[in-house]
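Values reported hereafter were calculated over all heavy atoms of this structure, with side chains retained and with hydrogens, waters and symmetry mates removed.
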Amino acid sequence: MEGRLFDKPLNPNKLLKEQFVSNLTGSSLLEIAALSTVVPALVVLRKWSSRDNSRKESAKKNDDQVHTVRKDWMQYFSTLGVDYLTVVLPIILVFTVLSEWVFMCAISLVILISIYIMFKRSQFHLKDGFSQLPLLRADISSYRVSVVLVTCLCILAVDFKIFPRRYAKAETYGSGIMDLGVGSFVVANALVSRQARNIASMSFKAVLCSISPLLSLGFARIISTWGVDYQVHVGEYGVHWNFFFTLAAVSILTSVVRIHPKHCGLVGLLILAGYQIWLSSGLNEYLISHKRSADIITQNKEGIYSILGYWGMFLIGVSLGFYLFVDTSSKGKNRNTQVMQIWVLAASFWILAIIFDSYIERVSRRMCNFAYVMLVFGQNFQRTYIGLLFNNMNFI
């Protein structure tokens, strides 16, 4: 009797749960663009409301007033609650019960922001240009926080039926909003990396120490999923590979092959072009096939080969981060110029993603092909542009 008890699987519905997240085709590029508008718009509205409240409080504040620890904690939790109600909860609703009205939600938020701007303009006047606006670091931080927030919410929601299947990761070709998670992390890390800031490279030993948390998380994920018999779709990265190993591999490659940020963009494009030619020559058929031999490379073919795509993506992100946010050699460079540059980049990446998806090879996160890289950059720079444009409409 005891032997039969231990023979029972820990997760008897494992096969059904694997099927629940398998054979998906993703959503449309237009819907991804709409979702990429909703998130930064909500963050901007929350920032504006908190800015107005802080002004009212500062006007009433007595300089001699002593703030107690209790009041600070109450203010912290009240702010946290408002953040949840105005940012987190609306995102959850849009990604679940309001998913059929995502276009209406995006349009409504843009209209609401536009009305707010016109209302403020009628009362105050705008600051001259964008040169006197807050530091760009705050905007980049908001963008990175939104990436983490959306990723965490999707990971927690994907196992429930209320989460639309088209938002989950696509099987081979196509892209749901969850497919953009790993690419967004790579881009977000690249824009603010040591390489983008042109800081002296670390030694290989220091690099290994810096990626040790990623390796630890990667092995911990393997052990934990096997330990509880959690469903793992091997078509995502392979049998043993996962997201943390991809980030670690990209960090190692970038540190071993040291390239000046001015040349990273060109090298990244060459890597992506060569990788795409390889994919179109037959590698894509090998990667999407279900045949796996006993060797470690074939067991994890999706994760290992896609490193080339993510490495090229990272190098392009390093170059863009250097030219947009670090390089001060260009005279007359101000926030207005930066916002315009990001807008041009976002539009260009979206156009390239549509062209590659239509005529070269459909978007595939599983292979990290050229179309996928362009889509990730387009979606991330669109999010950054909306945040920069509206968040910097400061009124005095």
Side-chain angles (χ1 to χ4, degrees), residues 11 13-33 35 95-96 99 150-151 153-186 221-222 225 230-246 275-276 278-293 297-310 313 353-354 356-376 378-379:
N11 188 358
N13 298 320
K14 180 178 180 181
L15 181 60
L16 293 176
K17 292 181 178 180
E18 287 181 0
Q19 293 174 350
F20 187 61
V21 295
S22 302
N23 303 316
L24 304 177
T25 58
S27 58
S28 66
L29 298 185
L30 185 60
E31 188 169 19
I32 290 176
L35 291 171
F95 278 60
T96 53
S99 59
V150 173
T151 301
L153 291 178
C154 288
I155 290 174
L156 293 173
V158 69
D159 289 328
F160 296 91
K161 292 182 178 180
I162 197 172
F163 187 77
R165 293 300 90 196
R166 65 183 184 276
Y167 290 172
K169 293 179 180 179
E171 181 77 12
T172 51
Y173 292 107
S175 180
I177 193 67
M178 287 193 69
D179 284 302
L180 303 176
V182 57
S184 297
F185 268 92
V186 171
R221 186 183 186 277
I222 295 175
T225 52
Y230 186 79
Q231 67 277 1
V232 177
H233 188 32
V234 295
E236 187 176 348
Y237 292 103
V239 178
H240 314 99
W241 202 266
N242 57 57
F243 162 73
F244 301 107
F245 292 149
T246 296
Y275 179 55
Q276 182 60 57
W278 192 11
L279 286 171
S280 301
S281 301
L283 180 63
N284 51 7
E285 296 179 1
Y286 166 70
L287 293 181
I288 65 177
S289 66
H290 297 289
K291 297 180 180 179
R292 298 180 189 273
S293 57
I297 294 179
T298 308
Q299 289 280 306
N300 302 282
K301 55 185 179 180
E302 296 90 347
I304 293 176
Y305 284 96
S306 65
I307 291 174
L308 292 173
Y310 289 113
M313 180 192 298
I354 294 172
F356 275 95
D357 182 69
S358 301
Y359 300 104
I360 305 298
E361 186 180 35
R362 289 201 62 199
V363 172
S364 175
R365 185 260 325 146
R366 186 172 177 176
M367 293 176 277
C368 193
N369 57 5
F370 218 131
Y372 173 76
V373 174
M374 294 298 102
L375 175 60
V376 169
Q379 185 258 355

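Shortest non-hydrogen contact noted between Ala353 and Ala371 is CB-O, 4.1 Å. Scanning both residues, Val158 and Ala168, for their nearest heavy atoms gives CG2-CB, 3.9 Å. Minimum interatomic distance between Val373 and Gly309 (heavy atoms only, all atoms of both residues): CG2-O, 4.1 Å. Residues Ile177 and Leu35 come closest through the heavy atom pair CB-CD1, 4.1 Å.
In terms of the side-chain contact (heavy atoms from CB on, under 4.5 Å) criterion, Thr25 has no residue partners (sequence neighbours excluded). Taking Leu153 as the reference, Val88, Ile91, Ile92, Leu149 meet the side-chain contact (heavy atoms from CB on, under 4.5 Å) condition, with sequence neighbours excluded. The salt bridge (charged side-chain N to carboxylate O under 4.0 Å, His left out) test applied to Arg166 returns Glu31, Glu100, not counting sequence neighbours. Evaluation of the ring pair (Phe, Tyr, Trp, His ring centres under 6.0 Å) rule for Phe370 yields Phe356 as partners, not counting sequence neighbours. Taking Tyr173 as the reference, Glu361 meet the side-chain hydrogen bond (donor to acceptor under 3.5 Å, both in side chains) condition, with sequence neighbours excluded. Every side-chain hydrogen bond (donor to acceptor under 3.5 Å, both in side chains) that Ser293 has, sequence neighbours left out, goes to Asp295, Thr298. For Phe185, the ring pair (Phe, Tyr, Trp, His ring centres under 6.0 Å) partners are Phe243, not counting sequence neighbours. Considering only residues two or more places apart in sequence or on other chains, Ser280 meets the side-chain hydrogen bond (donor to acceptor under 3.5 Å, both in side chains) condition with Gln276. Applying the side-chain contact (heavy atoms from CB on, under 4.5 Å) test to Ala33 and every residue at least two apart in sequence or in another chain returns Trp350, Gln382. Under the side-chain hydrogen bond (donor to acceptor under 3.5 Å, both in side chains) criterion, Glu236 pairs with Lys169, sequence neighbours left out. Legend: residues meeting side-chain contact (heavy atoms from CB on, under 4.5 Å) with Ile307, ordered by chain and number and at least two apart, are Trp241, Ala249, Leu253.
With rounding to the nearest 0.5 Å, the separation of OG in Ser289 from CG in Asn284 is 10.0 Å. The line from OG of Ser27 to CE of Met178 is 12.0 Å long, rounded to the nearest 0.5 Å. Atoms CG and SG, on Leu308 and Cys368 in that order, are 9.0 Å from each other to the nearest 0.5 Å. The distance from the CD1 atom of Ile297 to the CD1 atom of Ile304 is 5.5 Å, given to the nearest 0.5 Å. Between the CE atom in Met374 and the CD1 atom in Ile354 there is a gap of 13.0 Å [rounded to 0.5 Å]. In this structure, the separation between CD1 on Ile32 and OH on Tyr167 is 9.5 Å, given to the nearest 0.5 Å.
Side-chain contact between Cys154 and Phe95 is present, with at least one heavy-atom pair separated by less than 4.5 Å. Proximity of Asp357 to Arg362: side-chain heavy atoms (C-beta onward) are separated by under 4.5 Å at one or more points. Residues Tyr372 and Leu180 meet the side-chain proximity criterion, which asks for heavy atoms closer than 4.5 Å. Side chains of Val186 and Thr246 form no contact here, defined as non-hydrogen atoms less than 4.5 Å apart. Proximity of Thr151 to Ser184: side-chain heavy atoms (C-beta onward) are nowhere separated by under 4.5 Å. At a threshold of 4.5 Å between non-hydrogen side-chain atoms, the residues Lys301 and Arg292 count as touching. Between Phe245 and Asn300 there is no side-chain heavy-atom pair separated by less than 4.5 Å. Here the side chains of Leu287 and Arg366 are not in contact, with every heavy-atom distance at 4.5 Å or above.
Side-chain atoms of Asp179 come within 3.5 Å of backbone N or O of Ala170 as a donor-acceptor pair.
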Worked verdict on Ile288 versus Met367 for side chain to side chain contact (heavy atoms under 4.5 Å, CB included): CA-CA 8 Å; Ile288 65 177; Met367 293 176 277; 4.0 Å; yes

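Checked against Tyr305 for a ring-ring contact (aromatic ring centres under 6.0 Å, His included), the options Trp278, Tyr310, Tyr275 give a single hit: Trp278.
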